[in-house]
Asker: 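Dropping the structure in here first, questions after.
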Protein chains: 2
Amino acid sequence: MELKRTTEGEKGFEKVFAFLRERLLAGSLKPGDRLISERELATLLGVSRPIVREALRALTVLGIVEIRDRIGTVVTRPDVSVLNDFFTFALAQQADMLDDVMQARVAIECQAIRLACERANIADFERLQRALAKIGETIDEADAGGMADFEFHRAIVVASHSETLTVLHSSMAGLLTHSHRSRRELVQAFPSMKTYLIDDHRRIFEAVIARDPERADATLRKHFAIGDEYRRRAVVGDIDKTSASG
Amino acid sequence: MELKRTTEGEKGFEKVFAFLRERLLAGSLKPGDRLISERELATLLGVSRPIVREALRALTVLGIVEIRDRIGTVVTRPDVSVLNDFFTFALAQQADMLDDVMQARVAIECQAIRLACERANIADFERLQRALAKIGETIDEADAGGMADFEFHRAIVVASHSETLTVLHSSMAGLLTHSHRSRRELVQAFPSMKTYLIDDHRRIFEAVIARDPERADATLRKHFAIGDEYRRRAVVGDIDKTSASG
DNA sequence: GTCTGATCTTGGTCAGACCAGTATGCTAAC
DNA sequence: GTTAGCATACTGGTCTGACCAAGATCAGAC
């Protein structure tokens, strides 16, 4: 890993970026701190302001700092949007990546649900229960149903009380909601999915309530597997009505 | 989701960024394509060159494009380094996040090993076997041992043939190697760890060879759990020599 | 003590310029 | 006809200095 520490060798953008990275990584610049002004930074490092802006902008898209108009540049707590942007772009150029990302999503959720079994508190249970109820209520609506589905799964991750898992999970939120929604659109056509959706989520919920990690993980995995199967069949045209319409 | 499509409303940086994002997401700009020159982009969008550079730089740190000196700006395939940067910064500012990241690592690897059981080919098996052998050979060396350990786990993820999982995993590489290394430093002091390290990894390897996802996952999880246990005890001072030195 | 307004500072942006190499094409030599 | 060679246009990389709008600050008026 080439985390150049020298603020000397590089020039221009690299110089400024390295300078700031150093302070950021060393901890001398912490979230909440305000950087010196762009002008000062420029003269300090012997570069022009546009260059300083490039570096600040770079840190901005990385979610490290926030440039506030007419206020200054402040260090922020890293947040999800970066990953969001990244995945958005990445997926646009590699559509085949979608299934791949889904695998990561499964990974995150299955780990999250295990942690949730240990760490979930009453509030988490209640959130899950509400989401579960919502799924039942909105079973016939594509949009609302998709949201409810997503909320349930998000509640699981939140209940893990793991910020990293939550971050990773929400970074895929865009895709997930899409996925959930399209799944819901199938519901109208295929009655058996209603049972699948409601029962599966209830079983998952119960496993968490029982604080049984193994069962929760297994149930969740099965849930995903069945979902995949539905989608697979939908593509082929086969479904409940196996012998009906082609 | 606020993926502003309008290249109209925003101004300055946002304008350029949105303009490029639109093409990138729509697919009219594909990896390998060369963008028009900064100057042209500037006049085209009615902004100054420094602003264009900010936008290009932003896309650069997101790993979307690459600015080649005196050549031009070309669209690249999104790659890992972005997430790497992000996690590096994120973790630097939240040391307490380390355990949390380990959870994500467990998540990724357990999912990866499941996929690996399905998708691994001969080359993957061989890589795993080599890594396994290396672990045995370097069992008494802290540095090399840590590397071997890391290599083995990385081989698992690679064998999953999931780019997303690989990306996420390597983005935590920095922390992981650290973790592996410090674990290895304990080996010298506590003989029972040698057996643990060698046998565990062998069992994991065998499960993958057997293409048994459930067993592989379970074994890997157990491996992590035991590792945690060792670390936990190390902190307390308790170990093999329970009744020996305090 | 409080309110108000001038001033300083900050980010946001622009215009034009220079440098150093790359790419290209045209010319001149073979 | 082909090719070597060089001038030129073009590219990114950077700097200088300037202007704007609006938040922050502090002096002075009330």
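First the proteins, then the strands, lettered A, B, ... as listed; each starts at 1. Small disclaimer: the values here were computed from a predicted structure and weren't measured. Values below: all heavy atoms of this structure, side chains included; hydrogens, waters and symmetry mates excluded.
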Asker: Just the rounded figure in Å: distance from P of D:dG12 to CD1 of B:Ile67.
Answerer: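 The answer, rounded to whole Å, is 8 Å.
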Asker: Identify, with sequence neighbours excluded, every residue that meets salt bridge (charged side-chain N to carboxylate O under 4.0 Å, His left out) alongside B:Arg68.
Answerer: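 Partners of B:Arg68 by the salt bridge (charged side-chain N to carboxylate O under 4.0 Å, His left out) criterion, ordered by chain and then number, come out as B:Glu66.
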Asker: Please report, rounded to the nearest Å, how far the C1' atom of C:dT10 is from the CG atom of A:Leu35.
Answerer: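 Value for this atom pair: 13 Å.
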Asker: With 3.5 Å as the limit, what N/O pairs link the protein to nucleotides 7-10 of chain D?
Answerer:
none

Asker: Only counting residues at least two apart or in another chain, list the ones meeting salt bridge (charged side-chain N to carboxylate O under 4.0 Å, His left out) with A:Asp217.
Answerer: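 So A:Asp217 forms a salt bridge (charged side-chain N to carboxylate O under 4.0 Å, His left out) with A:Arg114, A:Arg221, B:Arg221.
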Asker: Restricting to ring-ring contact (aromatic ring centres under 6.0 Å, His included), what partner residues turn up for A:Phe89, sequence neighbours left out?
Answerer: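 Partners of A:Phe89 by the ring-ring contact (aromatic ring centres under 6.0 Å, His included) criterion come out as none, since no residue qualifies.
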Asker: Do B:Leu20 and B:Leu56 make a side-chain contact, defined as non-hydrogen atoms from C-beta onward lying under 4.5 Å apart?
Answerer: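 In short, these two side chains touch, coming nearer than 4.5 Å.
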Asker: If I take atom CD1 in residue B:Ile51 and atom P in nucleotide C:dT13, what distance separates them, rounded to the nearest angstrom?
Answerer: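 So the CD1-P distance, B:Ile51 to C:dT13, works out to 5 Å.
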Asker: Using a heavy-atom cut-off of under 4.0 Å over every strand shown, decide if A:Arg49 touches base, sugar-phosphate, or nothing.
Answerer: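 Counting heavy atoms under 4.0 Å across all strands, the contact made by A:Arg49 includes a base.
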Asker: With sequence neighbours left out, what residues match A:Phe13 under ring-ring contact (aromatic ring centres under 6.0 Å, His included)?
Answerer: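 By the ring-ring contact (aromatic ring centres under 6.0 Å, His included) rule, A:Phe13 matches A:Phe17.
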Asker: Does OP1 or OP2 of D:dT11 have a side-chain N or O of B:Thr73 closer than 4.0 Å?
Answerer: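 False: B:Thr73 side-chain N/O out of range (4.0 Å or more) of D:dT11 OP1/OP2.
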Asker: From C-beta outward on B:Ser48, which listed nucleotide comes closest to its side chain: D:dT16, C:dC14, C:dA23?
Answerer: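 So the nucleotide nearest the side chain must be C:dC14.
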Asker: State which residues pass salt bridge (charged side-chain N to carboxylate O under 4.0 Å, His left out) with A:Arg49; sequence neighbours excluded, sorted by chain then number.
Answerer: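 Expected list: A:Glu38.
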